[in-house]
K.L.:
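Shown below is the structure under consideration.
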Amino acid sequence: MTFQRQVAIDLGTANTLVYIAGKGIVLNEPTVVAYSIENRQILAVGDDARQMLGRTPGSIIASRPLKDGVIADYSITEAMISYFLKKAIKDFTFRVDLMISVPGGSTQVEKRAVVSACKSAGATDVYLIEEPLAAAIGARIPISQASGHMIVNIGGGTAEVAVISLGQLVVYRSVRGAGTKLDEAIIQHMRKKYNLIIGERTAEDIKIKIGNAYLESASEEKTIEVKGRDFQTGLPKIVKVSERAVSESLQKPLKVILDGVKEVLSLTPPELASDIVDRGIVVSGGTGLLRNIDKYFSHNIGVAAFTAEEPLFCVIRGAGMAIENLNSYKEAIR
Ligand code: ADP
Ligand code: MG
């Protein structure tokens, strides 16, 4: 009798999650690696490495090895996958069947790179699933039906927009611009409007606390105090920032995602488009937690939009369901 363990990985630009069948999500850490410049020796991975972002001396780099959803630094990514798998699984006397999500439309070269990284990290069999399909499964969309479903998975680096029917992608676009672009817009806004310099983590914090994609006129005005450095004097200062000001700064990067959704709809065959009008658009990914993002899409597209339950976990849940039910998701698995 061979012991077998079914494992899934969501390798995201911002966060990596690991799921083990029978246990659930066992690891959820930022996709960050810190290593020494001199010999590329890994010094820290995940939570520990994130603490180092923007705080490293000259001889150490803390970086995100995935850019725009694809592997930008292969050897560092391989080391990271290996680290996360060992941390999550511990006992490799089992054979490990691994499902890992890849961006829709990944090239053969990119897919092979992911598979070989997983195998050298100790996986026995490696299966790939395109991220929008995993997100849809995790959002409880019945992807195998002969009807059109639209998923908009908005993470840190990319927004993936897909129309799915019969378990496969029918129309797909990846928009370079998601959560991180929202943070950058806040950074720029703070500099222009208040002469205030803030870092990425502060910007993300502001977004999570008072960011709002679609401000209703009646909504009351929330404000928050932001600490940063004055652009001119170089000295620390505190500024009061309103929900409305933050919301306005988010409109430009949000519009880029909206245009991607509109483009995909315009390319969708009419029967499937009419299914989407009936069923609505489903939003997943961490940026799905941005306040009123569902209303933003509904209002600007004229089709109902809903944020999935626990949007940060849709891809990992879907990849986990796929490795546990390989036969039911045959069409979706590569
Ligand atoms: P990826 O798949 O690219 O790793 P995730 O789906 O994990 O990305 O989402 C990460 C993004 O979600 C980050 O940009 C983060 O700032 C954003 N995010 C997380 N929580 C919230 C929130 N409550 N409101 C708005 N954005 C959020
Ligand atoms: Mg993701």
Side-chain angles (χ1 to χ4, degrees), residues 4-13 15-28 31 66 69-71 81 84-85 88-89 94-106 108 110-119 121-155 158 160-170 172 174 282-286 288 308-334:
Q4 173 195 0
R5 190 154 270 178
Q6 293 166 324
V7 179
I9 299 186
D10 167 9
L11 186 62
T13 308
N15 298 302
T16 297
L17 293 86
V18 180
Y19 169 99
I20 297 183
K23 289 191 180 167
I25 297 169
V26 294
L27 183 142
N28 178 5
T31 311
L66 273 77
V70 301
I71 297 179
I81 292 177
F84 281 141
L85 272 182
I89 295 177
F94 293 87
R95 55 172 283 148
V96 173
D97 287 341
L98 183 71
M99 179 72 66
I100 183 162
S101 60
V102 291
S106 294
Q108 285 306 325
E110 286 162 350
K111 287 181 190 164
R112 270 200 295 272
V114 172
V115 171
S116 95
C118 293
K119 287 206 165 153
T124 324
D125 279 326
V126 180
Y127 304 89
L128 302 177
I129 184 162
E130 289 172 302
E131 234 163 57
L133 292 171
I137 295 169
R140 317 250 183 256
I141 294 175
I143 62 160
S144 303
Q145 286 178 356
S147 69
H149 296 276
M150 182 178 235
I151 182 101
V152 183
N153 183 52
I154 319 176
T158 58
E160 302 197 291
V161 188
V163 172
I164 297 168
S165 178
L166 292 169
Q168 295 190 25
L169 303 182
V170 180
Y172 169 79
S174 172
V282 177
V283 182
S284 64
E309 239 173 77
E310 298 186 301
L312 271 165
F313 300 151
C314 286
V315 170
I316 190 64
R317 234 174 16 219
M321 287 163 75
I323 191 74
E324 287 176 343
N325 303 280
L326 284 174
N327 272 327
S328 330
Y329 295 110
K330 272 199 297 290
E331 323 76 31
I333 294 163
R334 301 275 159 258

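Quick caveat, the model's predicted, so the values are computed rather than measured.
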K.L.:
Taking side-chain hydrogen bond (donor to acceptor under 3.5 Å, both in side chains) as the cut-off, I'd like each qualifying pair that reaches into residues 121-146, sequence neighbours left out, listed once.
P.N.:
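Residue pairs passing side-chain hydrogen bond (donor to acceptor under 3.5 Å, both in side chains), neighbours aside: Arg95-Asp125, Gln145-Ser147.
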K.L.:
Quick one: side-chain contact (heavy atoms from CB on, under 4.5 Å) partners of Glu110, sequence neighbours excluded?
P.N.:
Val70, Ser106, Thr107
K.L.:
Test of understanding: with side-chain hydrogen bond (donor to acceptor under 3.5 Å, both in side chains), list the residues that count as partners of Ser284, not counting sequence neighbours.
P.N.:
Asn153
K.L.:
Please find the pair of heavy atoms, one from Val126 and one from Cys118, that lie closest to each other, and give the distance.
P.N.:
CG2-CB, 3.7 Å
K.L.:
Is a side-chain N or O of Thr16 found less than 3.5 angstrom from the main chain of Thr31, in a donor-acceptor match?
P.N.:
no
K.L.:
Report the distance from atom CG of Asp10 to atom OH of Tyr19, rounding to the nearest 0.5 Å.
P.N.:
13.5 Å
K.L.:
Quick check: closest heavy atoms across Ala162 and Leu169, and the distance to 0.1 Å?
P.N.:
CB-CD2, 3.8 Å
K.L.:
Measuring from atom CD1 of Ile81 to atom CD1 of Ile9, what distance do you get when rounded to the nearest 0.5 angstrom?
P.N.:
6.0 Å
K.L.:
Taking all non-hydrogen atoms of both residues into account, name the closest pair between Ile323 and Ala8 and its distance.
P.N.:
CG2-CB, 4.5 Å
K.L.:
For side-chain contact (heavy atoms from CB on, under 4.5 Å), just list the numbers for Ile164 and Ile141, CA-CA rounded to whole Å, side-chain angles, deciding distance to a tenth of an Å, and then say yes or no.
P.N.:
CA-CA 10 Å; Ile164 297 168; Ile141 294 175; 6.0 Å; no
K.L.:
For Glu331, check salt bridge (charged side-chain N to carboxylate O under 4.0 Å, His left out) against everything at least two apart and list the hits.
P.N.:
none
K.L.:
Not counting sequence neighbours, which residues clear side-chain hydrogen bond (donor to acceptor under 3.5 Å, both in side chains) with Tyr329? List them please.
P.N.:
none
K.L.:
What residues form a side-chain hydrogen bond (donor to acceptor under 3.5 Å, both in side chains) with Glu309, not counting sequence neighbours?
P.N.:
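Scan of Glu309 (side-chain hydrogen bond (donor to acceptor under 3.5 Å, both in side chains), adjacent residues dropped) gives none.
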K.L.:
Given the rule in the side-chain contact (heavy atoms from CB on, under 4.5 Å) test, do Ile20 and Arg5 qualify, once you have shown the distances and angles that lead to the verdict?
P.N.:
CA-CA 7 Å; Ile20 297 183; Arg5 190 154 270 178; 4.0 Å; yes
K.L.:
Taking the side chain as every heavy atom from C-beta outward, state whether Leu326 and Asp97 have any atom pair closer than 4.5 Å.
P.N.:
no
K.L.:
Mind listing the closest non-hydrogen atom pair of Leu312 and Leu17 along with its distance?
P.N.:
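Closest pair (atom of Leu312, atom of Leu17, distance): O-CD2, 4.4 Å.
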